[in-house]
Structure formats: C-alpha cells, structure tokens
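Beneath this line is the structure, given in structure tokens, with notes to follow.
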Amino acid sequence: MKVFVTGGAGFIGSNLLQLLVPRYPDHHFVNVDKLTYAANPASLSNLEALGNYALEVVDIADREAVEALYAKHEPTLVIHLAAESHVDKSILGPEVFIQTNVLGTFNLLEGFKKHSMAKDGALFHHVSTDEVYGSLGDTGLFTEQTRYDPSSPYSASKASSDHLVRAYGRTYDLPFKLTNCSNNYGPRQFPEKLIPLMILNAVERKPLPIYGEGLNVRDWLYVTDHCEAIWAVIERGTLGETYNIGGNSEKRNVDVVHALIDIVADETGAPLDELKGLITYVQDRPGHDHRYAIDATRIAEECDWRASETFESGMRKTVKWYLDNTQWVEQVRSGEYLKWIEDNYGDRLAAR
Ligand code: NAD
Ligand code: TYD
C-alpha cells in the first residue's frame, strides 16, 4: 500500500515515520513536506536506507504540485499532518496559516477525491488539535461533541480544515477519519514550543519566559503515544468519525517549567537554585486559552488505545534526548530561529 504522510519532516510526522516505516516494510511511505523552518530532514536520514521511504518536497498550498504528486503515486492512505503549527507565529503572521492549513488541506482533499478515494481501503486521516474547541474553565473536559470555538488564527485555520474534511465526507462520500489531540512533547520538537524552549534555555542559562502568571493548563501527551493513537484509529476506528486523544496529564505551565528544571538539574548537575532564578514572567499571549483537557474515553473503548508514558517518564526521556542531540538542535536553529526569538520575546521582555 502507498501511504502519504504530509508534514513528515516535522515533529509529530518524523516520530510517526520513525515508528511506521520499519514496522511495515510492505507499505511504501512518501513524506510530502515543503521543508519549512520547522522541518529537519536529518530526523529521517536513517530511513532512507530502508527502501520503503521517500521524501517529496512539495508545498501543499500549490494546487498543481499536489495534483501532480497524486497522479504520480496514487496513494491509498493519506495521513495529513502538514501544517503551520505555532500559535504565537499565527498571531504575528496569520496568512501562511490560511495558505497551508486551509488551502493546503483543500488541495489534498481534491487530489484524494480524484485519484485515491475509489481504491479499496482508501482513507484520508486528518490530524488535528484540541485547540479547535477553544478554552475550558477550571472544570470539564473536551469531548468529541464539544462545540468548535477557536481562539487563535492557528486554531481557527485547523478548525476550517476539520470542517472541510467532514464536508468532503458528507458531500462526496470521501472516506475519512479525524483525530483531535492535546499538546504533544518529545524528541524532535522545534524549540519554539514551550517544552524544548525551556529545556534548551535552562541548559544554556537563558531566561525561561513564562507568559502571564503561568496558570494556563495544558494536557500533555508524549509524542509516540500520539503516533500510536493515530495508527490505532486508522486500524480500528470507524470511518467518518472523530476521536479525541489526550494524556490525562493536566499541568499548569509554571509546574511544567519547575518539573523540567528539576530534571535538567538532575541530569546535568546544574545548581537547581540557579535554574529557578532564570524563570521570568513576561507579557501574556493575546487570546491565551486558559485550559485544555481531553476526555479520551472513546479512543480507549473503541480503538483499545491508552497512553503508555507518564508525564514524569516522558519528560525525562525528552530532556535526555535534547541533551544527547545537540547537533540536531544546531541544525534547526538557523538565522530564522534567532529572528523569531527577537520578534516574539523582545517586546514581551520589555513590557514586563
Ligand atoms: P511542526 O510544525 O513540527 O511540523 C509541520 C511540518 O509540516 C513541517 O515538516 C513543515 O515543513 C511541514 N509543512 C508546513 N507547511 C507546509 C506546506 N505548505 N506544505 C508541505 N509541508 C508543510 O508540527 P507538528 O507539531 O509536528 O504538528 C503536526 C500536525 O499535528 C499539525 O497538523 C498540528 O496541527 C497537529 N497537532 C500538533 C500538536 C502538537 O502539540 N504539536 C497537537 C495536536 C495536533
Ligand atoms: P505552546 O508550546 O506554544 O503550545 P500551545 O500554545 O499550542 O498550547 O505553549 C504551551 C503553553 O505554554 C501555552 O499556555 C503558552 C505557554 N508558553 C509560555 O508560557 N512561554 C513560552 O515561551 C511559550 C512558547 C509558551
């Protein structure tokens, strides 16, 4: 079977390919990726020797390029992860989020409708986020029935893409499944996101910028658990249905940062008090969602999936990975990354 994994050179996509390519030697995996700033093809260099993996450098917002790619490969399964994925970036520059997340999803659906959906076992699996549901108060959980109420340009663009996928299902009978997952962490995450940013800044004794008072809550899930959940839904989920994925691991940001610096101190011998002194409260994110938390009952019951890492075990693995993979970190921190740090944190630090 031919499988497209879009966004396969990004954080979740590269972890998914690392899991699936060796496990399924009879499937041929094509990584469809534009290789934006968030991608690192070095994350996948070991797969090139396996013979059932190839990279196609394509912008999914380019309708003609996507059409040509479908005509060339005619995939049976598309696992769609390619996206602009960072909320703060979407606040400072939303346009590319519409291009990639909305128009890109539309192009992939059109190609799938024309070249793939008539095949035996055809499936378009759309990977999305719990941020489409907006913000929770101090209690309650997101279920598959929660009303969409996105807050940021990122989550609004993902909500649009979810709607397009469901509309193609209803209108054209396009076979799809959809997953909405909580915040991921783990190896190969671009250091613009909270966890890798804090690990690397702690190691390098740079400020640890916490937005607002650090009381916002996220439901953290180790990336490999997310990848196994996607595959469980592809194998055992019902066509046309949605599954929420979460780690049952709610933490306030300030507690996440304390947990991380404890591990960094333990693993590197850095003095804990010195790391605590790096914590810097900075100007809050506009429209900052207060709390995300997932009810993952449905995927547990219907697809027999449960997270296997705890927050503690997953965080330690993650810290160790960043300590052991300094070359990977250097590769992704280009001039563009340094500019982002200035754009996002320059004014925040000044305004505190
Ligand atoms: P990421 O930013 O690390 O990677 C995104 C990948 O998509 C990169 O390899 C990038 O090059 C590629 N890409 C971006 N624009 C493209 C375009 N126009 N054409 C082709 N490729 C393009 O993102 P991630 O964290 O790995 O997220 C992957 C998916 O999972 C996204 O759809 C995201 O919305 C969803 N998701 C992420 C999380 C999370 O916590 N990271 C949680 C739930 C859902
Ligand atoms: P992030 O990793 O950007 O994920 P998301 O916004 O998709 O949830 O942020 C996680 C939480 O951490 C979020 O509440 C914002 C907060 N945060 C900080 O406090 N400081 C930072 O430097 C970053 C990047 C995020």
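Counting starts at 1 for both ligands and their atoms, in listed order. The structure presented is a predicted model; accordingly, all values stated were derived computationally and were not measured.
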min-distance protein heavy atom vs atom 43 (C) of ligand 1 -> Cys181 O, 3.3 Å
Check this for me - ligand 1, Asn183, N or O atoms closer than 3.5 angstrom, yes or no? no
Is Thr100 close to ligand 1, meaning an N/O of one under 3.5 Å from an N/O of the other? yes
Any ion pair linking Arg23 and Glu228 (charged N to carboxylate O, less than 4.0 Å)? yes
Test side chain to side chain donor-acceptor pair (under 3.5 Å) applied to Asn180 and Asp162, step by step: CA-CA 9 Å; Asn180 295 93; Asp162 293 10; 3.2 Å; yes
Can we say Arg218 and Glu250 salt-bridge, meaning some charged N sits less than 4.0 Å from an Asp/Glu carboxylate O? no
When Phe112 is tested against each of Tyr168, Phe176, Phe106, Phe124 for ring pair (Phe, Tyr, Trp, His ring centres under 6.0 Å), which residue passes? Phe124
Among protein heavy atoms, which lies nearest atom 3 (O) of ligand 1, and at what distance? Phe11 N, 3.0 Å
When you measure from atom 28 (C) of ligand 1 to each heavy atom in Ile230, Leu81, Thr105, which option holds the nearest one? Leu81
Going by the atom numbers of ligand 1, which of them fall below 4.0 Å from some non-hydrogen atom of Asp59? 17 (C), 18 (N), 19 (N)
For ligand 1, which atoms have a heavy atom of Tyr154 less than 4.0 angstrom away? 33 (C), 34 (O)
So Trp328 and Ser43, side chain to side chain donor-acceptor pair (under 3.5 Å) or not? Walk me through it. CA-CA 8 Å; Trp328 184 96; Ser43 300; 2.9 Å; yes
Tell me which part of Val58 gets within contact of ligand 1: side chain, backbone, both or neither, using heavy atoms under 4.0 Å. backbone
For atom 32 (O) of ligand 1, what's the nearest protein heavy atom and its distance? Lys158 NZ, 2.6 Å
Minimum heavy-atom separation for Pro75 to Lys119, with atom names? O-CD, 3.8 Å
Are any of the N/O atoms on Ser85, whether in the backbone or the side chain, positioned under 3.5 angstrom from an N/O atom of ligand 1? yes
Evaluate Ser128 for polar contact with ligand 1, using N/O atom pairs at a separation under 3.5 Å. no
Hey, which atoms in ligand 1 end up nearer than 4.0 Å to a heavy atom of Ala38? 2 (O)
Tell me which protein heavy atom sits closest to atom 11 (O) of ligand 1, plus the residue, atom name and distance to 0.1 Å. Asp33 OD1, 2.6 Å
Answer yes when Arg285 and Asp88 have at least one side-chain N-carboxylate O distance shorter than 4.0 Å, and no when they do not. yes
Check contact between Gly8 and ligand 1, using heavy atoms of the residue and a distance below 4.0 angstrom. no
For Asn325, which residues count as a side-chain hydrogen bond (donor to acceptor under 3.5 Å, both in side chains) partner, sequence neighbours excluded? none
Atom 10 (C) of ligand 1: the protein heavy-atom neighbour that sits closest, reported with distance to 0.1 Å: Thr36 OG1, 3.3 Å
Quick one: look at Tyr292 and ligand 1, take heavy-atom pairs under 4.0 Å, and tell me if it's side chain, backbone, both or neither. neither
Would you tell me which option among Gly7, Ala83, Ala82 has the nearest heavy-atom contact to atom 5 (C) of ligand 1? Ala83
To the nearest 0.5 Å, atom OG1 of Thr318 lies from atom CG of Leu260 at 8.5 Å
Sidechain N-carboxylate O distance under 4.0 Å for Arg333, Glu204: yes
Output, or 'none' if empty, a list of ligand 2-protein atom pairs in which both atoms are N or O and the distance is under 3.5 Å, rounded to 0.1 Å.
unit_1: ligand 2; atom_1: 2 (O); unit_2: Leu194; atom_2: N; d: 2.9
unit_1: ligand 2; atom_1: 3 (O); unit_2: Arg285; atom_2: NH2; d: 3.1
unit_1: ligand 2; atom_1: 4 (O); unit_2: Asn183; atom_2: ND2; d: 3.3
unit_1: ligand 2; atom_1: 6 (O); unit_2: Arg285; atom_2: NH1; d: 2.5
unit_1: ligand 2; atom_1: 6 (O); unit_2: Arg285; atom_2: NH2; d: 3.1
unit_1: ligand 2; atom_1: 7 (O); unit_2: Glu131; atom_2: OE2; d: 2.5
unit_1: ligand 2; atom_1: 8 (O); unit_2: Asn183; atom_2: ND2; d: 2.9
unit_1: ligand 2; atom_1: 8 (O); unit_2: Arg218; atom_2: NE; d: 2.8
unit_1: ligand 2; atom_1: 12 (O); unit_2: Asn253; atom_2: ND2; d: 3.4
unit_1: ligand 2; atom_1: 14 (O); unit_2: Arg218; atom_2: NH2; d: 3.2
unit_1: ligand 2; atom_1: 14 (O); unit_2: Asn253; atom_2: ND2; d: 2.9
unit_1: ligand 2; atom_1: 14 (O); unit_2: His288; atom_2: NE2; d: 2.7
unit_1: ligand 2; atom_1: 19 (O); unit_2: Tyr211; atom_2: N; d: 2.9
unit_1: ligand 2; atom_1: 20 (N); unit_2: Pro209; atom_2: O; d: 2.8
unit_1: ligand 2; atom_1: 22 (O); unit_2: Pro209; atom_2: O; d: 3.3
unit_1: ligand 2; atom_1: 22 (O); unit_2: Tyr345; atom_2: OH; d: 2.6

Side chain to side chain contact (heavy atoms under 4.5 Å, CB included) with Leu17: of Val3, Ile79, Val5, Leu55, only one passes, and it is Val5
Numbered atoms and elements of ligand 1 in range of Ala39, under 4.0 angstrom, heavy atoms: 9 (O), 11 (O)
Going by an N to O cut-off under 4.0 Å, is there a salt bridge joining Glu309 and Lys317? yes
Between Lys320 and Asp324, is there a side-chain N and carboxylate O pair less than 4.0 Å apart? no
For the aromatic rings, using the six-membered ring if either is Trp, is the centroid distance between Tyr148 and His163 under 6.0 Å? yes
Just let me know how Leu35 lines up against ligand 1, side chain, backbone, both or neither, with a heavy-atom cut-off below 4.0 Å. backbone
Contact check: Gln189 vs ligand 1, nitrogen or oxygen atoms, below 3.5 angstrom: no
List the closest protein heavy-atom neighbour of atom 4 (O) of ligand 1: residue, atom name, distance to the nearest 0.1 Å. Gly10 CA, 3.4 Å
In Å, rounded to the nearest 0.5 Å, how long is the span from CZ of Phe190 to OH of Tyr337? 6.5 Å
Nearest non-hydrogen protein atom to atom 19 (N) of ligand 1, with distance, is Ile60 N, 2.9 Å
Measuring from the heavy atoms of Gly104, does anything fall under 4.0 Å of ligand 1? no
Would you mind checking which non-hydrogen protein atom is closest to atom 36 (N) of ligand 1, with the distance to 0.1 Å? Ile12 CD1, 3.9 Å
Under-4.0 Å salt bridge between Arg291 and Asp219: no
Taking atom CG of Asp295 and atom CG of Asn248, what is their separation to the nearest 0.5 Å? 9.0 Å
